[in-house]
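Taking it in order: structure first as structure tokens, then the write-up.
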Amino acid sequence: MLNFLNIVQLLLYIPLLSLMGQGLLFVLAGGKHETNFFYQTLRKLSLPFTWPVRRITPAALSDKQVAFITFGLLVALSLWVFAERGYLYCVALGRQGCVS
């Protein structure tokens with residue numbers, strides 16, 4: 001189970017970093033971010049995660065808002081996986097305060 005959570009954490013880092021990179025390029029490139037090659041590459045990396053969020057959110061939301069919501073959901077999921085991994089490591093080490 002611990003190895004599975006390690007892989008999930010790694011797979012969550014990819015779209016998280018991609019969305020962070022998109023935000024940074026949005027700030028640095030300004031209005032020309034849509035034509036930036038690296039921005040487009042990062043957008044394609046995060047598409048498998050932003051597409052489902054786009055499908056369940058109202059059409060009135062812009063793509064920037066959807067990316068922000070996706071980022072928040074991925075951070076929450078990543079924190080949950082991080083906490084679960086920490087608990088499993090604690091149990092594996094046999095610490096007294098782990099088991100409740």
Side-chain angles (χ1 to χ4, degrees):
M1 182 65 168
L2 199 52
N3 285 334
F4 174 73
L5 289 177
N6 286 336
I7 292 170
V8 169
Q9 188 78 35
L10 179 65
L11 291 176
L12 287 174
Y13 283 156
I14 295 169
L16 277 171
L17 291 173
S18 174
L19 288 168
M20 285 174 51
Q22 284 181 48
L24 182 66
L25 283 174
F26 178 79
V27 170
L28 293 176
K32 297 185 178 196
H33 66 279
E34 290 292 334
T35 60
N36 190 317
F37 171 74
F38 295 109
Y39 183 85
Q40 293 299 324
T41 303
L42 292 173
R43 193 169 185 177
K44 287 180 183 176
L45 280 173
S46 64
L47 186 64
F49 295 88
T50 55
W51 183 79
V53 174
R54 168 46 81 195
R55 299 292 289 167
I56 62 172
T57 55
L61 293 178
S62 70
D63 287 339
K64 295 172 192 161
Q65 292 169 326
V66 170
F68 189 72
I69 293 169
T70 305
F71 183 78
L73 291 172
L74 287 171
V75 166
L77 187 59
S78 181
L79 288 174
W80 178 77
V81 171
F82 180 75
E84 190 66 29
R85 282 178 52 225
Y87 173 75
L88 290 176
Y89 275 129
C90 188
V91 168
L93 292 175
R95 304 280 172 128
Q96 293 297 328
C98 298
V99 182
S100 52

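These figures come from a predicted structure and were not determined experimentally.
- Between the side chain of Ser18 and the backbone N or O of Leu42, at least one donor-acceptor pair lies under 3.5 Å.
- A pairwise comparison of heavy atoms in Ser62 and Gln65 identifies N-OE1, 2.9 Å as the closest pair.
- The nearest pair of heavy atoms linking Val81 to Gln9 is CG1-OE1, 3.0 Å.
- If you take CG on Leu12 and CG on Leu79, they are separated by 10.0 Å, rounding to the nearest 0.5 Å.
- In the hydrophobic clustering of ILVMFWY residues, with side-chain heavy atoms under 4.5 Å counting as a link, Met20 and Leu74 come out together.
- In this structure, Arg54 contributes its side chain and Leu61 its backbone to a donor-acceptor pair below 3.5 Å.
- A distance of 9.0 Å separates CD of Gln22 from CG of Leu45, quoted to the nearest 0.5 Å.
- The CD atom of Glu84 sits 9.5 Å away from atom CG of Leu2, with the distance rounded to the nearest 0.5 Å.
- Phe82 and Tyr89 fall into different hydrophobic clusters, where Ile, Leu, Val, Met, Phe, Trp and Tyr are joined by side-chain heavy atoms under 4.5 Å apart, directly or via other members.
- At a threshold of 4.5 Å between side-chain heavy atoms, the hydrophobic network of Ile, Leu, Val, Met, Phe, Trp and Tyr places Leu88 and Ile7 in two separate groups.
- Rounded to the nearest 0.5 angstrom, Phe68 CZ and Leu19 CG are separated by 11.0 Å.
- Placement of Phe71 and Val66 in two distinct hydrophobic clusters is found when ILVMFWY residues are connected by side-chain heavy-atom separations under 4.5 Å, directly or transitively.
- Cluster annotation: Val91 and Phe4 are assigned to the same hydrophobic cluster (Ile/Leu/Val/Met/Phe/Trp/Tyr, side-chain heavy-atom contacts under 4.5 Å, transitive).
- Screening Thr50, Val75, Thr57 against Thr70 for a side chain to side chain contact (heavy atoms under 4.5 Å, CB included) leaves a single residue, Thr50.
- Considering every non-hydrogen atom in both Tyr39 and Leu25, the closest pair reads N-CD1, 3.5 Å.
- Of all the heavy atoms in Arg43 and Asp63, the pair that sits closest is NH2-OD2, 3.6 Å.
- A distance of 10.5 Å separates CG in Leu16 from OG in Ser46, rounded to the nearest 0.5 Å.
- Note that CG of Leu11 is 11.0 Å distant from CG of Asn6, once rounded to the nearest 0.5 Å.
- Checking side-chain atoms of Gln40 against main-chain N and O of Phe37 turns up no donor-acceptor pair under 3.5 Å.
- Between Pro52 and Arg55, the closest side-chain pair of non-hydrogen atoms is not below 4.5 Å.
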